[in-house]
Chemist: 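Attaching a single structure in structure tokens format; questions to follow.
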Amino acid sequence: MSELRIAVVGAGLMGADHIIRIQKRIVGAKVTAVVEPDEGRAKAALENAPEANWYPNIEAAISAKAMDAVLIATPGQFHEPVLVPAIEAGLPILCEKPLTPDAISSRAIVDLEVAKGKQLIQVGFMRRFDQGYINLRELIASGKQGELLGLHCAHRNPAVPDTYHNDMLIFDSVVHEIDVVRFLTDSPIKSIEVKHMKRNKLSPEKLNEPILCLLETEDGVLATVEMNVSVQFGYQVKTEAVFQKGIAEIGRTAGMNTFFDGQIATEEHMSFKTRFAAAYDTQIQRWVDATKLGKIDGPSAWDGYLAAAAVEAGVEALRSGNKVQVSYTEKPSLYNA
Ligand SMILES: NC(=O)c1ccc[n+]([C@@H]2O[C@H](COP(=O)([O-])OP(=O)(O)OC[C@H]3O[C@@H](n4cnc5c(N)ncnc54)[C@H](O)[C@@H]3O)[C@@H](O)[C@H]2O)c1
């Protein structure tokens, strides 16, 4: 196959960014279908993918045989209705996180994939492709600084769109830490507790945040996660790791420092699009390369399910104020390789 023909489903913030990425930076792939119910967004997206056709839904694109693979960038609660027909059609899929917002629907997707007998789905937990997280994972595994004892994570957005609601603090945002804490420690999340900081009066009325989550892994590592979506000043994702013999930090802004007018300043990111640009590029390139070989090369549907199970406990913890234990169903053998 010379060029992988990709249908991008959902041409909002993330989908539009992925279309530009595939067209401008990814080798061996092109966007041949934009699946988007909103005509204005579809037309804007097509300007960056002139060879692509517009389809109002995934079923129409499948009937037209418009693609070899699907990239899903609809909001998390609308992943399942796109995943099901794409899996049934046997198409390889990169699905933005979360796989789905809860454990039952994620397990149903896993079961559908198992019934097909092949791993078709890669989940867009792109932090696994970020060099900082890769380096930290290697350091933890090396044992050079002794055992990892705990992690302090912060995920801060300047603001969020109107469509963002309170549960999304967990299923859309903390889900990144839920996945990456397991990636870093190789240990599943055992329990989640959520505390509220003093409410930021600049947050939209429907949100009660910032929150502080406590994720405990089965190996006993405790991760604190500050989730803050109204921090105003910039977009910041950082992690500090506490070892027996020292501390490691990733995610500190590494730009130009200026020393002007009696002040030292460094530019901070304003969006995930720049903070994780290199990680998104690597994620999509490796997915394209693997897809051509009939494989995936990144987090699987099973990883998506494990995160969804922990998310479900996290949403309950957010609503109840209780510490909630995570329960997982049995792993199908398809994911043992
Ligand atoms: N990995 C990351 O860092 C990151 C960052 C932002 C968003 N995301 C993820 O990307 C996904 C999209 O988020 P967003 O912020 O771009 O959302 P968005 O609301 O900006 O855009 C979603 C688009 O999907 C379209 N849509 C809805 N249902 C559809 C359907 N059934 N078929 C086709 N199109 C449909 C909407 O019309 C909209 O244009 C979410 O899963 C989100 O969690 C990931």
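Every number for a ligand or one of its atoms is a count from 1 in the order of the listing.
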Chemist: Using heavy atoms and a 4.0 Å limit, tell me yes or no: is Phe276 in contact with ligand 1?
Modeler: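 In this structure, Phe276 fails to qualify as a contact of ligand 1 - no heavy atom is under 4.0 Å.
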Chemist: Any side-chain donor paired with an acceptor under 3.5 Å for Arg127 and Tyr133?
Modeler: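 Indeed, the side chains of Arg127 and Tyr133 share at least one donor-acceptor pair under 3.5 Å.
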Chemist: With clusters defined by side-chain heavy atoms of hydrophobic residues (ILVMFWY) lying less than 4.5 Å apart, directly or transitively, does Phe272 cluster with Phe125?
Modeler: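 In one cluster: yes.
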Chemist: Does the side chain of Asn257 come under 3.5 Å of the side chain of Thr266 through a donor N or O and an acceptor N or O?
Modeler: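 Their side chains do contain a donor-acceptor pair, which is all the 3.5 Å distance test asks for.
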Chemist: Counting non-hydrogen protein atoms only, what is the nearest one to atom 27 (C) of ligand 1? Give residue, atom name and distance.
Modeler: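 It is Pro75 CD, 3.8 Å.
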Chemist: Between Leu99 and Asp303, is there a side-chain heavy-atom distance shorter than 4.5 Å?
Modeler: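 A side-chain contact is absent here, since even the closest heavy-atom pair is not under 4.5 Å.
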Chemist: If you have a sec, work out which protein heavy atom is nearest atom 12 (C) of ligand 1 and how many Å separate them, to one decimal?
Modeler: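 The closest one turns out to be Ala73 O, 3.2 Å.
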Chemist: With no hydrogens and no angle check, just 3.5 Å: does a side-chain donor-acceptor pair link His152 and Glu226?
Modeler: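 No, because no side-chain N or O of His152 sits under 3.5 Å from a partner of the opposite role on Glu226.
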Chemist: Would you indicate which of Met14, Glu36, Met126 comes nearest to atom 25 (C) of ligand 1 when only heavy atoms are counted?
Modeler: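 Closest candidate by heavy-atom distance is Glu36.
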Chemist: Without hydrogens or angle criteria, can the side chains of Thr100 and Ser106 be said to hold a donor-acceptor pair below 3.5 Å?
Modeler: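 Indeed, the side chains of Thr100 and Ser106 share at least one donor-acceptor pair under 3.5 Å.
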Chemist: Please state which option from Thr74, Asp162, Leu99 has its nearest heavy atom closest to atom 28 (N) of ligand 1.
Modeler: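 Among Thr74, Asp162, Leu99, the closest heavy atom to atom 28 (N) of ligand 1 comes from Thr74.
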Chemist: Are Phe125 and ligand 1 in contact, using a heavy-atom cut-off of under 4.0 Å?
Modeler: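 Phe125: no contact with ligand 1 (<4.0 Å).
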Chemist: Quick one: do the Ser191 and Gln325 side chains pair a donor with an acceptor below 3.5 Å?
Modeler: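 Short answer, no.
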Chemist: If the cut-off is 4.0 Å to any non-hydrogen atom of His79, which atoms of ligand 1 fall inside it?
Modeler: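 Those atoms are 41 (O).
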Chemist: Distance to 0.1 Å, residue and atom name: give those for the protein heavy atom nearest to atom 24 (O) of ligand 1.
Modeler: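 Minimum-distance protein heavy atom for atom 24 (O) of ligand 1 reads Gly10 CA, 3.4 Å.
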Chemist: Hey, is Gly76 one of the residues with a heavy atom under 4.0 angstrom from ligand 1?
Modeler: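 It does, in that a heavy atom of Gly76 comes within the 4.0 Å cut-off of ligand 1.
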Chemist: What protein heavy atom sits nearest atom 15 (O) of ligand 1, and how far away is it?
Modeler: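 Protein heavy atom with the smallest distance to atom 15 (O) of ligand 1: Leu13 CB, 3.7 Å.
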Chemist: In terms of relative ring orientation, are Tyr335 and Trp302 parallel, tilted or perpendicular, with 30° and 60° separating the classes?
Modeler: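 Ring orientation of Tyr335 relative to Trp302: parallel.
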Chemist: Examine the proximity of ligand 1 to Asp172 and report which part, side chain or backbone, both or neither, has a heavy atom under 4.0 Å away.
Modeler: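 Looking at Asp172 and ligand 1, just side chain atoms fall under 4.0 Å.
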Chemist: Of all the non-hydrogen atoms in the protein, which one sits nearest to atom 34 (N) of ligand 1, and at what distance?
Modeler: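 Ranked first by proximity to atom 34 (N) of ligand 1 is Pro37 CD, 3.1 Å.
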Chemist: What protein heavy atom lies closest to atom 2 (C) of ligand 1? Include the residue and the distance to one decimal.
Modeler: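 Among all protein heavy atoms, the one nearest atom 2 (C) of ligand 1 is Tyr280 OH, 3.3 Å.
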Chemist: Short list, please: which atoms of ligand 1 are under 4.0 Å from a heavy atom of Val35?
Modeler: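 Matching atoms, with element in brackets: 33 (C), 34 (N).
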Chemist: Among protein heavy atoms, which lies nearest atom 31 (N) of ligand 1, and at what distance?
Modeler: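 In this structure, atom 31 (N) of ligand 1 has Val82 CG2, 4.1 Å as its nearest protein heavy atom.
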Chemist: Between Val9 and Met126, is there shared hydrophobic-cluster membership here, with clusters defined by ILVMFWY side-chain heavy atoms closer than 4.5 Å?
Modeler: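 Yes: a chain of side-chain contacts under 4.5 Å links Val9 to Met126.
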Chemist: Between Thr253 and Glu268, is there a side-chain donor-acceptor contact under 3.5 Å, judged purely by atom types and distance?
Modeler: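 On atom types as modelled, these side chains qualify, holding a pair under 3.5 Å.
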Chemist: Identify the protein heavy atom lying closest to atom 21 (O) of ligand 1, giving its residue, its atom name and the separation to 0.1 Å.
Modeler: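 Going by distance alone, atom 21 (O) of ligand 1 is nearest to Gly12 CA, 3.2 Å.
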Chemist: Is the closest heavy atom of Thr163 to ligand 1 under 4.0 Å?
Modeler: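 Per 4.0 Å heavy-atom rule, Thr163 does not contact ligand 1.
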Chemist: Run the numbers for me: atoms of ligand 1, each under 4.0 Å from some heavy atom of Val9, listed by number.
Modeler: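 The atoms of ligand 1 under 4.0 Å from a heavy atom of Val9 are 32 (N), 33 (C).
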Chemist: Inspect the contact between Asp68 and Lys292 and indicate whether a charged nitrogen and a carboxylate oxygen are less than 4.0 angstrom apart.
Modeler: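 Salt bridge absent between Lys292 and Asp68.
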Chemist: Out of Arg127, Gln283, Glu96, who gets a non-hydrogen atom closest to atom 9 (C) of ligand 1?
Modeler: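 The option holding the nearest heavy atom is Glu96.
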Chemist: Could you verify whether a donor N or O on one side chain and an acceptor N or O on the other, from Thr32 and Glu51, lie under 3.5 Å apart?
Modeler: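 Per modelled atom types, Thr32 and Glu51 side chains form no pair under 3.5 Å.
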Chemist: Select the closest option to atom 38 (C) of ligand 1 among His176, Lys273, Arg41, Glu59, judged by heavy-atom distance.
Modeler: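 Heavy atom nearest to atom 38 (C) of ligand 1 belongs to Arg41.
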Chemist: Is there a donor in the side chain of Asp289 and an acceptor in the side chain of Gln285, or the other way round, less than 3.5 Å apart?
Modeler: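 A pair is found: one side chain offers a donor N or O, the other an acceptor, under 3.5 Å apart.
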Chemist: Is there a polar contact between ligand 1 and Asp38, counting only N or O atoms under 3.5 Å apart?
Modeler: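 So ligand 1 has no N or O lying under 3.5 Å from an N or O of Asp38.
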